[in-house]
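Worksheet: the structure to be examined is printed underneath.
Both counts, for ligands and for their atoms, begin at 1 and track the order of listing.
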Amino acid sequence: MNPLIIANWKMNKSVSESLSFVNQIIDPLSKINSVKPVICPPFTSLSELSKVISGTNIELGAQNVYFEVDGAYTGEISISMIKELCSYVIVGHSERRTYFKENDLAINMKLQSVINNGLNPILCVGESIESRTKGTADQVIGQQLTKGLENITSLDRLIIAYEPIWAIGTGQSASSEIAQEMSLTIRNKINDLHGIISKKIPILYGGSVKSENIKDFVAQNDINGALVGSASLDPKSFVSLVSESQI
Ligand code: PGA
């Protein structure tokens, strides 16, 4: 499986800043065929970027989506609005779980909507520092997967990102050993819930990934790429992340 390197820009970059970034990476990334780069800009940049990346090896994703099809939901964005602009959607990022109180039920409904509409969801799971210290990380992730994947019949498009909360934006990434161990735990849990398809699901690591440490993560048996926040905001840094991920 070719590594997937997914940029999560969070609440950063105007439309013109997004265009300037992408115009700088198209050429260098066109020479790298064995890695799949995906950019998740803010909603406001999706439309313009979708025109610029057309015909390149770069794909686009949204950082969130609402599960209702349409209607009176002021400020929300539905799947039909993003469907023609991108092919990936991040679901259940820990910042959304924390700041916007997204629970496993809402995350499950979003996943169903993304899958039913033929897009690829990136489901984020990860434990807090308290649960790591208490030794309950496996249970927390088991619960997030059990509830998140409830009643989901097709896992063909599913991507999982293991993102320990204590490693996000802290500069303190998980060790590649912990990331591998947790990715295997995730794969085994999906095997318990859904069977053999678990072997085909890309599992990414996220949390303070940079070009200096990405090789250690993608070299692990059960890690198939990375979800990257701050190190994805600079075009040179993103190109070197993708370049370093070639295996
Ligand atoms: P970070 O963010 O790379 O800045 O730690 C990762 C994420 O939140 O997806």
Specify the closest pair of heavy atoms between [X] and [Y], including all atoms of both residues, with the distance to one decimal.
| X | Y | answer |
| --- | --- | --- |
| Asp222 | Asn224 | O-OD1, 3.8 Å |
| Asn57 | Ile32 | ND2-O, 3.1 Å |
| Asn12 | Pro42 | O-CG, 3.2 Å |
| Gly148 | Asn108 | O-ND2, 2.7 Å |

List every atom of ligand 1 that sits less than 4.0 Å from any heavy atom of [X], numbering the atoms from 1 in the order shown and giving each element.
| X | answer |
| --- | --- |
| Asn8 | 9 (O) |
| His93 | 7 (C), 8 (O), 9 (O) |
| Leu227 | 9 (O) |
| Gly207 | 5 (O) |
| Gly169 | 1 (P), 4 (O), 5 (O) |

Please answer: with hydrophobic residues joined when any side-chain heavy atoms are less than 4.5 Å apart, are Met182 and Val218 in the same cluster?
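Yes.
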Is there a heavy atom of [X] sitting under 4.0 angstrom from any atom of ligand 1?
| X | result |
| --- | --- |
| Ala231 | no |
| Lys10 | yes |
| Ser208 | yes |

Test applied, salt bridge (Lys or Arg N to Asp or Glu O under 4.0 Å); reference residue, Glu102; option that passes from Arg97, Lys147, Lys110
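Result: among Arg97, Lys147, Lys110, Lys110 is the only option passing the salt bridge (Lys or Arg N to Asp or Glu O under 4.0 Å) with Glu102.
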Where does Ile168 meet ligand 1, judged by heavy-atom distances below 4.0 Å: at the side chain, the backbone, both, or neither?
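Contact part for Ile168 vs ligand 1: both backbone and side chain.
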Assign the ring pair Tyr205 / Tyr162 to parallel, tilted or perpendicular, where the plane angle (0 to 90°) is split at 30° and 60°.
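Tilted: the ring planes of Tyr205 and Tyr162 meet at 30° to 60°.
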Heavy-atom distance to atom 4 (O) of ligand 1: which of Ala7, Gly206, Ser230, Ser173 wins?
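Considering heavy atoms of Ala7, Gly206, Ser230, Ser173, the nearest to atom 4 (O) of ligand 1 sits in Ser230.
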Between Ser20 and Gln24, is there a side-chain donor-acceptor contact under 3.5 Å, judged purely by atom types and distance?
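Yes, Ser20 and Gln24 have a side-chain donor paired with an acceptor closer than 3.5 Å.
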Protein contact of atom 3 (O) of ligand 1 - nearest heavy atom, named by residue and atom, plus distance
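Nearest neighbour among protein heavy atoms for atom 3 (O) of ligand 1, to 0.1 Å: Gly229 N, 2.8 Å.
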For atom 7 (C) of ligand 1, which protein heavy atom lies nearest, and how many Å away is it?
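Among all protein heavy atoms, the one nearest atom 7 (C) of ligand 1 is Glu163 OE2, 3.2 Å.
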Below 3.5 Å, N or O to N or O, backbone or side chain included: is there any such pair between Val228 and ligand 1?
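Val228 vs ligand 1: no N/O contact under 3.5 Å.
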CD/Gln139 to NZ/Lys189 distance, rounded to the nearest 0.5 angstrom?
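With rounding to 0.5 Å, CD (Gln139) is 10.0 Å from NZ (Lys189).
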